[in-house]
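Everything numeric here is computed off the predicted structure, so don't read it as measured data. The basis for the numbers below is simple: all heavy atoms, side chains too, and nothing from hydrogens, waters or symmetry mates.
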Amino acid sequence: MPPSSPPLAPPSAPTAPTAPRQAPVPLHAPAARRSPVRAAAREVLDPAHLRAALRLTSVDATLVAALLCGASVAITLVIAATTGHQDLAGFAALGALTSLYGRFDPYRRRAALLGSVGAIMVGSILVTTAVTAAGAPTWVALAVVALLAGGMTAWCQLLRTGAPGATIVVFAAGAGLAGAPTFTDLAPRGLAGLLGVAVAWAVCVAGFLFRPSGPARLAVRRATLAAEAAAFAPDDRGAVGRARDAVALARTVLADDASHRRTRATALRLADELSGAAGTPADLPPRLTLRATARESLAGAGWRLRSVRVSLAAAAAAAAAHVAGFGHPAWAAMGATATLQGTTTQHAVVRALQRALGTVAGALIAWPLLDLHLGFRATATLVVLLQVVTEIVVMRHYGLAMLTITPMALLMTSLGGSGEGIALDRALDTAVGAVVGVLAVVLVHARSRSARTLAATART
């Protein structure tokens with residue numbers, strides 16, 4: 001970074017804060033200020049969202065993560081096939097999708113994260129299988145899926161896991177509803193999912209044996225490049241914000257590595273490099289464990305709203321798909337959940353457009369593949385290849401990734417049963433979920449204290 005650029009770290013001795021001046025509240029506030037629903041509706045209808053849905057994102061370091069996920073799924077499917085449990089291969093592959101989480105986290109943090117995600121994945125399969133085996137009404141089973149969606153959303157928000165959020169867990173919960181399971185199916189399904197989780201954990205954490213500081217090096221490289229970009233465009237708020245976020249993340253990763261004897265020396269050297277490039281303090285913060293991350297996040301209110309919004313949207317989408325007679329209403333819940341992983345209204349609308357249109361196109365690709373009635377080996381091979389391509393593409397363009405996600409998910413579903421008609425169900429259910437997800441963004445809002453005060457003032 002050029003020497004003239006300002007440091008991205010916060011000042012070491014902040015000045016005493018001054019109380020902000022409060023603007024007078026008008027007696028009759030504009031409707032947009034009183035109604036977040038109207039404001040959200042106007043934002044949803046902004047035509048700029050269509051242009052944003054077509055835009056590609058520049059990303060790096062996707063190949064290794066894609067290969068690790070592909071290897072996890074491939075090994076799991078091979079084990080299922082060689083042990084004569086092809087009927088359980090779909091559940092094992094779902095467990096292997098645990099590898100999608102924490103792809104750029106330091107190894108010790110990722111090991112803990114994958115373990116907890118894996119437990120939730122297997123637990124979701126077991127819970128919905130048990131509910132179905134008990135003969136519960138369909139609405140009860142779908143309500144359980146919606147609660148799992150909301151609970152996993154809260155968990156991901158508290159731990160700041162990032163993508164893919166709660167979507168994969170809802171996929172796993174929906175798989176538990178498939179077929180006509182009995183209580184004797186609980187152990188086989190659970191063990192198959194656990195196998196996939198164990199394989200994913202071993203594959204993803206194995207890098208610590210060969211390149212233990214790999215995540216830290218990547219984080220520092222990204223932070224340095226972001227800081228350089230911000231230095232050459234100091235008036236670009238977006239560039240400066242991205243640089244601050246990248247530097248903060250790099251320091252968190254370095255702090256994790258600095259607390260372990262094997263990676264400490266490299267972490268301290270990288271911290272010095274980052275300090276020189278971004279103007280940050282050379283001293284690193286304490287290590288941030290998953291528990292500490294959750295404690296920090298509890299103070300915020302955003303995770304509560306997102307959790308409630310996802311639960312309501314998933315329930316509404318699943319109910320609408322069930323009433324319409326679609327074959328897999330849990331997929332509608334998954335579509336709503338995926339749409340609401342967006343952090344802003346614009347992000348949610350863009351994801352809805354990309355997921356709905358991409359799924360329709362992906363279903364058209366999957367349809368002839370399913371009609372071919374491919375054998376287990378051919379289907380498993382396609383699942384692995386499509387999974388790898390998905391992970392390379394998904395961070396660049398979510399809609400394009402749906403062209404491979406959809407056939408991959410449908411082929412994976414067909415491993416455990418018939419693939420008859422599931423392509424159409426996937427397209428219809430996903431469209432319903434996307435629409436309901438956008439409606440949830442418009443309709444479900446937190447009623448803040450300031451909004452209540454404003455409303456009370458307007459009434460007097």
Flag side-chain contact, heavy atom, 4.5 Å: Thr413 against Trp331: yes
Pair Trp303-Trp155, side chain to side chain contact (heavy atoms under 4.5 Å, CB included): steps then yes or no: CA-CA 8 Å; Trp303 65 271; Trp155 187 88; over 6 Å; no
Close side-chain approach of Val393 to Thr404, heavy-atom, < 4.5 Å: no
Could you pull out every donor-acceptor pair under 3.5 Å between side chains of residues 66-77 and any protein atom, sequence neighbours left out?
residue	atom	partner	partner atom	Å
Ser72	OG	Leu68	O	2.9
Thr76	OG1	Ser72	O	2.8

Spatial distance of atom CZ (Phe91) from atom CG (Leu126) [nearest 0.5 Å]: 10.0 Å
Verdict with reasoning, Leu249 to Phe104, per side chain to side chain contact (heavy atoms under 4.5 Å, CB included): CA-CA 10 Å; Leu249 177 60; Phe104 301 124; over 6 Å; no
Gap between atom CD1 of Ile168 and atom CE of Met152 - 0.5 Å precision: 9.5 Å
side-chain contact (heavy atoms from CB on, under 4.5 Å) involving Thr128 - partner list, sequence neighbours excluded: Val144, Val145, Leu148, Ala173, Leu177
Minimum heavy-atom distance Ala317-Gly433, with the two atoms named: CB-CA, 3.9 Å
Sub-4.5 Å side-chain heavy-atom contact between His328 and Ile422: yes
Under the salt bridge (charged side-chain N to carboxylate O under 4.0 Å, His left out) test, residues paired with Asp257 that sit two or more places apart: none
From Ser259 atom OG to Leu288 atom CG, the distance as rounded to the nearest 0.5 Å: 11.0 Å
Electrostatic pair Arg287:Asp256 at N-O distance under 4.0 angstrom: yes
All side-chain hydrogen bond (donor to acceptor under 3.5 Å, both in side chains) counterparts of Arg217, not counting sequence neighbours: none
List, one per line, each side-chain donor-acceptor pair under 3.5 Å for residues 267-277, sequence neighbours excluded.
residue	atom	partner	partner atom	Å
Arg269	NH1	Glu273	OE2	3.0
Ser275	OG	Thr280	O	2.6

Approximate separation, where rounding is to 0.5 Å, of Leu312 CG and Leu439 CG: 12.5 Å
Gap between atom CG of Leu113 and atom OH of Tyr101 - 0.5 Å precision: 9.0 Å
Pro164 side chain reached by Gln341 side chain, heavy atoms, under 4.5 Å: no
Closest approach of Ala223 to Ala246 (non-hydrogen atoms, all atoms of both residues): CB-O, 3.6 Å
Check: Thr293 and Leu158 side chains under 4.5 Å, non-hydrogen atoms: no
Over all atoms of both residues, closest heavy-atom pair of Gly193 and Val122: C-CG2, 3.7 Å
For Ser297, all residues meeting side-chain hydrogen bond (donor to acceptor under 3.5 Å, both in side chains), sequence neighbours excluded: Arg160
Side chains of Leu443 and Arg309 in contact at under 4.5 Å (non-hydrogen atoms): no
Short side-chain to backbone donor-acceptor contact, Arg244 and Ala239, under 3.5 Å: no
Minimal non-hydrogen separation, Thr263 against Pro212, with atom names: CG2-CB, 3.6 Å
With Arg242 via side-chain hydrogen bond (donor to acceptor under 3.5 Å, both in side chains) - residues at least two apart: none
Pair Thr337-Thr167, side-chain hydrogen bond (donor to acceptor under 3.5 Å, both in side chains): steps then yes or no: CA-CA 6 Å; Thr337 302; Thr167 307; over 6 Å; no
Verdict with supporting geometry, Val441 and Val349, side chain to side chain contact (heavy atoms under 4.5 Å, CB included): CA-CA 9 Å; Val441 171; Val349 175; 5.8 Å; no
Minimum-distance pair of heavy atoms, taken over all atoms of Ala348 and Thr339: O-CG2, 3.4 Å
Donor-acceptor contact present, side-chain Thr98 to main-chain Gly95, <3.5 Å: yes
Side-chain donor or acceptor of Arg251 paired with backbone N/O of Pro281 under 3.5 Å: yes
Between OH on residue Tyr398 and OG1 on residue Thr390, distance to nearest 0.5 Å: 10.5 Å
Cys204 side chain near Arg110 side chain, heavy-atom distance below 4.5 Å: yes
Exam field: side chain Ser311 to backbone Val308, donor-acceptor pair closer than 3.5 Å: no
Residue pairs involving residues 380-398 (criterion salt bridge (Lys or Arg N to Asp or Glu O under 4.0 Å); sequence neighbours excluded): Arg103-Glu391
Check: residues 356-363 side-chain donor-acceptor pairs under 3.5 Å, at least two apart:
residue	atom	partner	partner atom	Å
Thr359	OG1	Arg355	O	2.6

Main-chain N/O of Ala292 paired with Thr289 side-chain donor or acceptor, under 3.5 Å: yes
Salt bridge (charged side-chain N to carboxylate O under 4.0 Å, His left out) partners of Arg262, counting only residues at least two apart: none
Short side-chain to backbone donor-acceptor contact, Thr252 and Ala248, under 3.5 Å: yes
Listed partners of Thr379 passing side-chain hydrogen bond (donor to acceptor under 3.5 Å, both in side chains), at least two apart: none
Working for side chain to side chain contact (heavy atoms under 4.5 Å, CB included), residues Val203 and Val199: CA-CA 6 Å; Val203 168; Val199 170; 4.2 Å; yes
Counterpart residues, side-chain contact (heavy atoms from CB on, under 4.5 Å), relative to Trp201 (two or more places apart): Ala111, Leu114, Val205
Side chain proximity check, Pro106 to His260, heavy atoms < 4.5 angstrom: no
Minimum heavy-atom distance between Ala255 and Pro286, given as atom pair plus value: CB-O, 3.9 Å
